[in-house]
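Here is the naming used below: chain letters follow the sequence lines, and residue numbers restart at 1 for every chain. Computed from a predicted structure; not experimentally measured. Hydrogens, waters and symmetry mates are skipped; everything else that's a heavy atom, side chains included, is used.
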2 protein chains.
Amino acid sequence: MADSNDTLSVSERIRLDIERQILSGGLKPDDRIPLERELMEIYDCSRMTVNKAVSELASRGLIVRRKRAGSFVAHPPSDSTILDIPDIRLDLERKGHTYGYELLHRSVRTAKGPEEGALAGKGGRLIELRGIHRADGQPFGHERRLVSLAAVPEIEHEDFAGTPPGTWLLGHVPWSQAEHRIFAVGADVGIAAHLEISEGTPCLMLERRTWLNGVPVTHVWQTFPGDRHSFIGALTRRQA
Amino acid sequence: MADSNDTLSVSERIRLDIERQILSGGLKPDDRIPLERELMEIYDCSRMTVNKAVSELASRGLIVRRKRAGSFVAHPPSDSTILDIPDIRLDLERKGHTYGYELLHRSVRTAKGPEEGALAGKGGRLIELRGIHRADGQPFGHERRLVSLAAVPEIEHEDFAGTPPGTWLLGHVPWSQAEHRIFAVGADVGIAAHLEISEGTPCLMLERRTWLNGVPVTHVWQTFPGDRHSFIGALTRRQA
DNA sequence: TCTTTTAATATGTATAGACATAATAGAAGA
DNA sequence: TCTTCTATTATGTCTATACATATTAAAAGA
């Protein structure tokens with residue numbers, strides 16, 4: 001079971017050995033992994049060292065520990081994946097494209113209706129921004145964004161000529177919680193004209209709401225023509 | 001800084017106290033958190049107890065630890081989210097719908113072309129399945145799936161009349177790695193007819209490739225009309 | 001035979017001490 | 001002044017020990 005990698009600490013080696021066996025299918029759900037005492041002997045170390053490795057696996061959800069019984073490979077959670085939804089500017093520039101943002105509309109006003117009320121509070125003030133993201137000069141996607149002025153008052157003095165609002169917010173609101181929804185729509189007349197596609201062209205729409213410390217910050221709708229953008233999810237564990 | 005919750009262990013309390021301060025914005029990126037010695041005194045416990053809490057935060061990526069300098073709040077990684085991509089049957093039944101799968105096509109053959117070759121190996125055998133997912137009797141989505149017979153030989157004796165292949169695989173292939181891609185397409189003639197929508201209707205397409213222990217298992221394309229399905233991503237950390 | 005009690009067991013958490021290692025501030029030297 | 005060395009500092013890892021707690025197997029009793 002032991003490995004021959006010398007740069008790792010003992011507890012990391014134990015953790016990785018077991019993790020690899022679980023992820024490779026060598027250990028299946030409900031299989032028991034060796035007891036702490038047994039691992040102590042296998043790796044010739046103390047129980048605290050074993051415990052650190054095995055506790056880490058438990059906290060990551062790969063195993064379940066039961067007193068008096070031992071540690072067992074967990075049943076993987078239902079399928080989920082980590083989806084990368086990067087800032088558009090960063091993403092494009094990383095891929096070697098030039099990026100541009102063209103502001104179409106900017107207005108400061110009071111919140112109307114339930115959707116805007118949820119963001120800024122009933123009668124609260126918000127800023128609405130609409131613009132086009134460009135990659136190498138070509139229209140890449142459309143963005144409509146509402147930002148609560150209560151949450152980000154300094155945004156009122158920013159004109160966003162050239163700077164995309166997403167990038168600006170990244171620099172002004174540290175850490176946050178977000179909720180995403182991804183669906184397919186046909187481009188409406190207005191958006192189609194700006195993106196230089198025909199009405200009804202299948203587009204990916206990403207809706208995102210962001211909170212900072214429980215306070216709503218922004219609500220965005222980004223529209224990308226189906227042939228210009230997709231979202232890619234990395235590895236994941238699986239199964240109910 | 002201390003909390004008054006008695007059911008938690010000391011190290012959990014330390015971890016949660018700090019975690020809350022980071023996520024709430026009370027501690028910002030590059031801020032230093034108290035040294036281990038200081039936390040020992042604040043929580044009246046030993047260094048190992050503090051170390052367990054703080055190491056856990058480091059392993060979760062919330063803080064960065066530097067010898068001789070201290071521990072600092074990390075810069076959140078670029079925007080990513082955990083997207084829930086559940087088994088369709090489980091998802092619909094959980095939401096109170098009846099679920100049905102209608103098999104349209106089933107064939108066993110050898111792999112042709114680079115895409116199929118990547119799955120089953122050049123000249124390797126695979127099974128191709130096409131079918132319709134139904135919610136409350138109505139067409140909900142179309143699925144085309146290739147499965148490597150080398151990876152899952154027992155699938156050859158399964159006829160999938162009624163059982164969706166995804167659910168069947170869930171029960172036969174434990175743990176796995178997957179790669180997802182989500183994009184928007186217009187429904188083609190064949191799929192449109194089966195889904196009872198018009199050609200070109202915007203659809204969400206989910207492409208998924210799955211491996212077990214590095215061996216390719218299955219490659220799926222699922223097509224959902226834009227008005228019938230979306231993907232929802234939960235909370236996340238943020239920022240480059 | 002069935003129920004209750006007891007003892008054994010594996011994990012959960014915590015301690016104090018030890019030595020290693022990386023990074024730096026400051027001292028010593030050129 | 002600039003470079004080099006050294007001591008200090010905070011974290012990284014590990015050990016041996018201790019007691020708590022949940023669970024279960026076995027013993028004791030009805």
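With DNA chain C read from its 5' end, the first of the two nearest nucleotides for B/Arg66 and B/Lys52 is the one closest to B/Lys52. For B/Val50 and A/Ser55, each mapped to the nucleotide of DNA chain C holding its nearest heavy atom, the one lying further toward the 5' end belongs to A/Ser55. If B/Arg37 and B/Asn51 are placed on DNA chain D by their nearest nucleotide, the residue sitting closer to the 5' end is B/Arg37.
The side chain of A/Met48 has C/dT15 as its nearest neighbour among C/dT15, C/dT11, D/dC14. If you check C/dT11, D/dC14, C/dA22 against the side chain of B/Arg68, the one that comes closest is C/dA22.
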Report task. Show your reasoning for whether side chain to side chain contact (heavy atoms under 4.5 Å, CB included) applies to B/Phe183 and B/Glu207. Result -> CA-CA 8 Å; B/Phe183 49 102; B/Glu207 179 181 7; 3.8 Å; yes
Requested in this report: Report the C-alpha distance between B/Leu206 and B/Trp221 in whole Å, list the side-chain angles of each, state the deciding distance to 0.1 Å, and finish with yes or no for side chain to side chain contact (heavy atoms under 4.5 Å, CB included).
Outcome: CA-CA 6 Å; B/Leu206 172 68; B/Trp221 297 261; over 6 Å; no
Report task. Please step through side chain to side chain contact (heavy atoms under 4.5 Å, CB included) for the pair A/Arg208 and A/Thr210, ending with a clear verdict. Result -> CA-CA 7 Å; A/Arg208 168 164 31 189; A/Thr210 306; 3.8 Å; yes
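By the 6.0 Å and 45° rule, A/Arg89 does not stack over the aromatic ring of A/Tyr101. Note that A/Arg13 lies outside the cation-pi zone of A/Tyr43, set by a 6.0 Å cut-off to the ring centre and a 45° limit from the axis.
OP1 or OP2 of D/dC14 lies within a sub-4.0 Å distance of a side-chain N or O belonging to A/Ser11. A close approach under 4.0 Å does not occur between any side-chain nitrogen or oxygen of B/Lys67 and OP1 or OP2 of D/dT9. Contact between the side-chain N/O atoms of B/Arg65 and the OP1/OP2 oxygens of D/dA10 is not found at any separation under 4.0 Å. The shortest distance between the side-chain N/O atoms of A/Ser71 and the OP1/OP2 oxygens of C/dA10 is not below 4.0 Å. B/Thr49 has a side-chain polar atom (N or O) that falls below the 4.0 Å cut-off from OP1 or OP2 of C/dT15.
The distance from atom CD of A/Glu56 to atom P of C/dT11 is 17 Å, rounded to the nearest whole Å. Between the C1' atom of D/dG12 and the CD1 atom of B/Ile63 lies a distance of 13 Å, rounded to the nearest Å. Whole-Å rounding puts the A/Arg32 CZ to D/dT23 C1' distance at 15 Å. Regarding A/Leu35, its CG atom lies at a distance of 10 Å from the C1' atom of C/dT11, rounded to whole Å. For the pair B/Tyr43 OH and C/dA14 C1', the computed distance is 17 Å after rounding to whole Å. Going from atom CD of B/Glu36 over to atom P of C/dA16 covers 14 Å, rounded to whole Å. Residue A/Glu12 contributes atom CD, which lies 10 Å from atom C1' of D/dT13 at whole-angstrom precision. Across the protein-nucleic acid pair, B/Asp44 atom CG and C/dA14 atom P stand 12 Å apart, rounded to whole Å.
Remark: the B/Arg47 side chain and the D/dT13 base include a donor-acceptor N/O pair separated by less than 3.5 Å. For A/Arg15 against D/dT13, no side-chain N or O and base N or O form a donor-acceptor pair under 3.5 Å.
Residues B/Arg15 and B/Arg60 have side chains in contact (heavy-atom distance under 4.5 Å, counting atoms from C-beta outward).
Residue A/Val54 is classed as having no contact, given no heavy-atom separation below 4.0 Å to the nucleic acid.
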